[in-house]
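All heavy atoms count here, side chains included; hydrogens, waters and symmetry mates do not. Letters go in sequence order (proteins before strands), and every chain restarts at 1.
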Amino acid sequence: MDYKKDFVEILFSQLQDNLDVQKLENMIEIPKFENQGDLSFPCFELAKIFKKSPQQIAIELAKKIKLPKHFQHVEAVSGYVNIFLNKQIASTTVINEILTKKEYYGEIKNGNKKIITIDFSSPNIAKPFSMGHLRSTVIGNSLALISEKSGYQVVRINHLGDWGTQFGKLIVAYKLWGEKQKVIENPIKELLKLYVKFHEEAEQDEQLNDQARHCFKMLEDGNEGALELWNWFKEESLKEFNKIYQLLGINFDSFNGEAFYNDKMVQVVQLLEEKNLLKESDGAKIVEMEGGLPPCLIMKKDGTTLYATRDLAAAIYRHDTYQFEKSFYVVGNEQSLHFKQIFTVLKKLGYEWHHGLTHVPFGMMLKDGKKMSTRKGKVVLLEEVLSEAINLAKENIEEKNPQLAAKEEVARQVGTGAVIFHDLKNYRLNDIEFSLEDMLRFEGETGPYVQYTHARASSILRKGGYEESLDLLTFYDEEAWPIITKLKAFPDVIKRAFEESDPSQIAKYVLELSKAFNKYYGNVRILDDLEQKQARLSLVYCVQITLKEGLRLLGIQAPEEM
RNA sequence: GUCUCAGUAGCUCAGCAGGAUAGAGCAUACGCCUUCUAAGCGUACGGUCGGGGGUUCGAAUCCCUCCUGGGACGCCA
């Protein structure tokens with residue numbers, strides 16, 4: 001049932017000479033306060049047309065309107081026509097819809113099974129998995145889930161940072177100061193030390209940078225010794241990364257990183273040359289941009305490639321391989337210019353599909369108001385944060401629910417839930433000041449709060465011996481109305497989250513639903529009234545389903561007990 | 001310098017296809033467990049929506065300008 005559409009039609013029958021359907025639809029609002037009804041039509045714009053006060057227009061409109069039975073009544077208040085739904089019909093409709101569709105509630109078929117590739121996480125080999133990468137990882141993962149819910153088929157791509165001059169630096173550093181045994185014992189930390197030392201030393205000694213570039217040249221030319229070291233670094237790193245992905249419950253379809261495109265770069269350069277797009281500038285090869293954009297560097301003067309070259313090759317390869325409808329890049333804000341350039345070059349190459357490419361940027365994780373720098377060793381390790389969160393969750397369980405069966409697993413779900421939710425609840429583009437304290441908070445607007453609400457609902461269903469029934473039921477409980485309106489909104493929230501590539505919409509929603517439910521829980525004894533028990537348990541079940549599904553879309557699990 | 005993002009309660013943030021009384025959480029103070037998980041609920045306290053102009057019947061929301069802070073800006077990724 002589409003209440004808004006119905007309301008629009010009712011209004012249209014009165015106002016067809018002055019406003020069209022589309023315009024009317026855009027004007028409809030949801031009132032701010034509950035006592036103002038469920039849908040609202042502001043009459044201010046009509047004042048000029050009718051040469052009457054908005055108040056007067058609202059009153060006259062409200063009088064003329066004839067309501068179908070799923071609307072309860074209409075009111076004119078200070079220039080608005082407010083309409084109230086018939087709560088019983090509305091409640092019954094949503095409850096039955098959710099009971100029927102279960103976890104498929106809110107599914108949208110817009111995508112038509114077309115393919116979206118999502119490039120996310122993409123950590124750099126031989127560097128620790130930092131808090132910064134967490135953002136790309138959890139946002140990308142959630143977008144993947146939201147896209148699937150919206151009817152798309154998703155290819156999850158982990159575009160590993162496993163190529164580039166940084167490996168020249170690392171190899172140089174390892175040859176100068178590295179000890180094999182130490183690296184074997186503690187690969188990531190030891191490699192990071194070498195990387196940091198390199199930058200410290202390079203400040204004094206410019207020559208080191210030349211050596212590094214030379215070393216990367218050797219890599220690109222296939223030098224065996226260099227490749228062997230590179231391979232070793234890569235394997236050790238992947239082991240570490242996989243531990244984290246396992247903790248977070250995240251999977252990828254492809255780990256094709258930058259190195260994968262090494263043999264596909266020549267063609268890109270050739271293509272650019274054929275189309276006459278390549279220019280020489282100070283010995284380097286570039287593509288010029290219009291609109292004041294700085295040129296895109298394709299090849300350095302020593303003949304080695306750049307980040308941009310690899311991303312071009314990757315985009316073309318992905319389109320050839322997957323025939324994607326859309327392609328998302330979940331990469332930090334600071335790379336906006338880079339993606340503008342890449343997309344422009346692809347357009348210049350004549351690829352119509354460049355329209356499907358979207359950079360999904362996000363704000364930075366800041367430390368003391370500044371960007372964290374790997375080069376200076378100023379990073380916070382995700383692994384440490386996660387294990388702290390999990391330990392804290394474990395302490396909470398010991399204190400609050402010591403007889404819980406699967407303590408370890410629940411602690412993992414709650415600890416990671418806290419960290420993931422903390423990241424996703426804020427608007428994507430905001431910078432986040434790193435605060436361990438905030439991240440490890442389990443009360444208030446947090447992941448564990450939502451998980452707890454879900455566990456509470458599950459617990460009631462168990463205690464109440466709830467059994468699903470396929471019979472349609474009539475539901476009406478005045479106190480449950482705030483929950484009903486939230487449940488009703490879920491599909492729209494998913495739609496918006498997808499359209500705006502914004503998981504925080506879902507995080508906020510799931511918080512609101514939790515708040516509404518907890519309030520209800522505090523005021524209504526669900527199991528005591530035998531006559532209403534089945535109906536109320538059905539409501540609880542709907543909340544449980546929706547919370548679980550909402551959390552799932554964020555990449556967070558919902559334990560039944562905690 | 002150019003481009004770009006942001007500035008809302010002590011702190012962290014919502015609200016920003018203009019609308020009715022600017023909302024949460026944290027922190028602080030108080031109240032609620034012999035009763036469905038207190039990781040909860042409630043009450044109180046807390047705001048020149050960075051400043052100034054403009055558009056509009058109406059601006060936290062749109063436009064201009066200034067201030068403050070982040071970030072990006074050819075051989076890193």
* To do: Show your reasoning for whether side chain to side chain contact (heavy atoms under 4.5 Å, CB included) applies to A/Asp38 and A/Trp481.
  => CA-CA 11 Å; A/Asp38 301 292; A/Trp481 185 242; 3.5 Å; yes

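- Taking atom CZ of residue A/Arg135 and atom C1' of nucleotide B/G71, one finds them 14 Å apart after rounding to whole Å.
- If you take atom C1' in B/C67 and the same atom in B/C30, they sit 42 Å apart, rounded to whole Å.
- The nucleotide B/A60 finds no pairing partner, because no Watson-Crick or G-U wobble arrangement with both distances shorter than 3.5 Å includes it.
- Of the candidates B/A20, B/A24, B/C41, B/C41 carries the atom nearest the A/Asn518 side chain, counting heavy atoms from C-beta on.
- Spacing of P atoms, B/U68 relative to B/G31, comes out at 48 Å, to the nearest Å.
- Between B/A44 and B/G23, the distance separating the two P atoms is 13 Å to the nearest Å.
- Residue-level contact check: A/Ser281 touches the bases, meaning some heavy atom is under 4.0 Å from a base atom.
- Comment: A/Lys508 does not engage A/Glu445 in a salt bridge, judged by the lack of any side-chain N to carboxylate O separation of less than 4.0 angstrom.
- Only the C1' atoms considered, B/U4 is 39 Å distant from B/C45, to the nearest whole Å.
- The CZ-C1' distance, from A/Phe339 to B/U4, rounds to 16 Å in whole Å.
- The partner of B/G40, taking Watson-Crick or G-U wobble pairs whose two distances both stay under 3.5 Å, is B/C32.
- When the C1' atom is used for both B/G18 and B/A59, the distance is 6 Å, rounded to whole Å.
- For B/G53, the glycosidic angle deviates from 0 by more than 90°, giving an anti base.
- Taking atom C1' on both B/G50 and B/A9, the two are 15 Å apart, rounded to the nearest angstrom.
- Ranking B/C73, B/C76, B/C36 by closeness to the A/Lys300 side chain, first place goes to B/C76.
- Judged by Watson-Crick or G-U wobble contacts below 3.5 Å, the nucleotide B/A6 has B/U68 as its partner.
- For residues 284-296 of chain A, the salt bridge (Lys or Arg N to Asp or Glu O under 4.0 Å) pairs, not counting sequence neighbours, are A/Glu273-A/Lys285, A/Lys279-A/Glu288, A/Glu290-A/Lys348.
- Rounded to an integer number of Å, the gap from CE of A/Met439 to P of B/C13 is 12 Å.
- The existence of a salt bridge linking A/Lys217 and A/Asp302 is excluded, since no basic side-chain nitrogen approaches an acidic carboxylate oxygen closer than 4.0 Å.
- Nucleic acid contact class of A/Lys301 (heavy atoms, under 4.0 Å, all strands): base.
- Salt bridge A/Arg412/A/Glu409: present, at least one basic N to carboxylate O contact under 4.0 Å.
- You won't find any donor-acceptor pair under 3.5 Å spanning the side chain of A/Thr446 and the base of B/A39, going by distance alone.
- Donor-acceptor pairing under 3.5 Å, judged by distance alone, is present between the side chain of A/Asn82 and the base of B/A20.
- Within the nucleic acid shown, A/Glu258 comes within 4.0 Å of sugar-phosphate atoms alone, with no base atom in reach, counting heavy atoms only.
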